[in-house]
Amino acid sequence: LDKDASASWTGLEEEESRVALVSAAQIKAKYAAALDDAATSGADTDKLKEQMMNDLAAVGEKFQTGRGQESLDLYTANANLMFDQQANAIAVHRARVDAQTKGNDWLNASSAILQRDPTALPSSEKEADQFVDTFTKLSPEARAQLKQKLRQGLNMTAALSTARTDPTGAKDRLNNGEWNLTPDQRQRALVEADFSERAARQEDSAARAQKRADEADRDRQASNDLI
């Protein structure tokens, strides 16, 4: 009888271990899919994790053996690890997208100031660094990249603004490596400065021609009056 009871208990332990394994695998698959959906829908991953832990706990509610519960605990820990890894990846992605979106909004607002006053660039660069440091979920590498992007955007605005108001001086400063710009940005700013310089010369030429025409009209009028 003892042998039969022992065999029965062993069989129950094995059965509960199998139930724990199969159920945990099914639950992991369910919430892996739910996390995939959350990555695009924006669903709260913390709530999903709470639901997953409740589902896993429910598996062991009727377990009678320690081995069954130990198996479930192991599979729960594995499921928890899997979930956290996937959820963390989603959180990092969301943080990056959020930082880029808000970073563009901040850059647009700050650029409006630099368009009127390019000398405000140093203070704007400091504000850019302070702004990016508020995104604590970003990795140090991602924050460094965002800072560089914002700084180059600010420098581009300052360079273009200067190119329009002082094209000759801007060309000299650009050719001397001033402003934190990519090669493409620097070339674009040089083109803008060159365009503004030509436009200014044409405007001066037109103004001189108009002045000469006005003087000629006055001379003719004076001559007519004299006659």
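- Contact check for N180 versus Q148: side-chain heavy atoms found under the 4.5 Å cut-off.
- L107 and G153 make their closest contact through CD1-C, 4.0 Å (heavy atoms, listed as atom of the first residue, atom of the second, distance).
- Each ring-ring contact (aromatic ring centres under 6.0 Å, His included) pair with one or both residues in residues 126-177, not counting sequence neighbours, appears once here: W106-F131, F131-F135.
- T119 and D117 share a donor-acceptor pair across their side chains, judged by distance under 3.5 Å alone.
- Put simply, the side chain of S23 never gets that close to the backbone of A20: no donor and acceptor are under 3.5 Å apart.
- Within the model, atoms CG of L35 and NZ of K28 stand 12.5 Å from one another, a figure rounded to the nearest 0.5 Å.
- Side-chain atoms of E13 never come within 3.5 Å of backbone atoms of G66 as a donor-acceptor pair (strictly under, hydrogens ignored).
- Side-chain contact annotation: N155 with E125, donor-acceptor N/O pair under 3.5 Å present.
- Contact check on R151 versus D129 returns a salt bridge, with a Lys/Arg side-chain nitrogen under 4.0 Å from an Asp/Glu carboxylate oxygen.
- A donor-acceptor contact shorter than 3.5 Å links the side chain of N175 to the backbone of K171.
- Using a 4.0 Å cut-off between charged nitrogen and carboxylate oxygen, D98 and K137 do not count as a salt-bridge pair.
- Here the closest heavy-atom approach between residue S111 and residue T157 is recorded as OG-OG1, 3.2 Å.
- Nearest approach of A39 to R94, heavy atoms of both residues: N-NH2, 4.4 Å.
- Proximity of a side-chain donor or acceptor of R143 to a complementary backbone N or O of V132 within less than 3.5 Å is not detected.
- In the model, Q115 has no side-chain atom that pairs as donor or acceptor with a side-chain atom of S161 under 3.5 Å.
- Annotation: side chain of D194 is in contact with side chain of E197 (closest heavy-atom distance under 4.5 Å).
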Test salt bridge (Lys or Arg N to Asp or Glu O under 4.0 Å) applied to R188 and D184, step by step: CA-CA 6 Å; R188 179 185 165 194; D184 288 343; over 6 Å; no
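- Counting only residues at least two apart or on different chains, no ring-ring contact (aromatic ring centres under 6.0 Å, His included) pair has a member in residues 24-76.
- Between the side chain of Q185 and the backbone N or O of T182, at least one donor-acceptor pair lies under 3.5 Å.
- Partners of Q51 under the side-chain hydrogen bond (donor to acceptor under 3.5 Å, both in side chains) rule, at least two apart in sequence or in another chain, do not exist in this structure.
- The CG atom of L154 sits 10.5 Å away from atom CD of Q152, with the distance rounded to the nearest 0.5 Å.
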Test log, rule side chain to side chain contact (heavy atoms under 4.5 Å, CB included), inputs L181 and L174: CA-CA 9 Å; L181 303 170; L174 285 163; 3.8 Å; yes
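- Note that the CG atom of L81 and the OG1 atom of T76 stand 12.5 Å from one another [nearest 0.5 Å].
- For the pair E15 and V19, the minimum side-chain heavy-atom distance is below 4.5 Å.
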V92 vs S139, side chain to side chain contact (heavy atoms under 4.5 Å, CB included): CA-CA, chis, key distance, verdict: CA-CA 8 Å; V92 169; S139 67; over 6 Å; no
Pair Q69-D73, side-chain hydrogen bond (donor to acceptor under 3.5 Å, both in side chains): steps then yes or no: CA-CA 6 Å; Q69 188 59 52; D73 290 344; 3.0 Å; yes
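- Nearest heavy atoms, L114 versus A120: CD2-C, 3.6 Å.
- Hydrophobic clustering, with ILVMFWY side chains joined whenever heavy atoms are under 4.5 angstrom apart, groups L190 together with M156.
- Residues M52 and L48 have side chains not in contact (no heavy-atom distance under 4.5 Å, counting atoms from C-beta outward).
- For the atom pair OG1 of T65 and CD of E14, the computed distance is 10.0 Å after rounding to the nearest 0.5 Å.
- The pair E50-K47 does not meet the salt-bridge criterion, since no charged nitrogen lies less than 4.0 angstrom from a carboxylate oxygen.
- R164 places no side-chain N or O within donor-acceptor distance of the main-chain N or O of S196, the cut-off being under 3.5 Å.
- With hydrogens and angles ignored, the 3.5 Å screen pairs a side-chain donor or acceptor of D44 with a backbone N or O of D46.
- Listed for the D166 side chain is no donor-acceptor partner under 3.5 Å among the backbone atoms of T162.
- Side chains of K49 and N80: a donor on one and an acceptor on the other come within 3.5 Å.
- Under 4.0 Å is where a charged nitrogen must lie from a carboxylate oxygen, and between E16 and R67 no such pair does.
- V59 is not listed as a side-chain neighbour of D55, based on a closest heavy-atom distance of 4.5 Å or more.
- Atom-to-atom distance recorded for F83:CZ and L56:CG is 11.0 Å, nearest 0.5 angstrom.
- Considering all non-hydrogen atoms of both residues, A189 and L160 come closest at CA-CD2, 4.0 Å.
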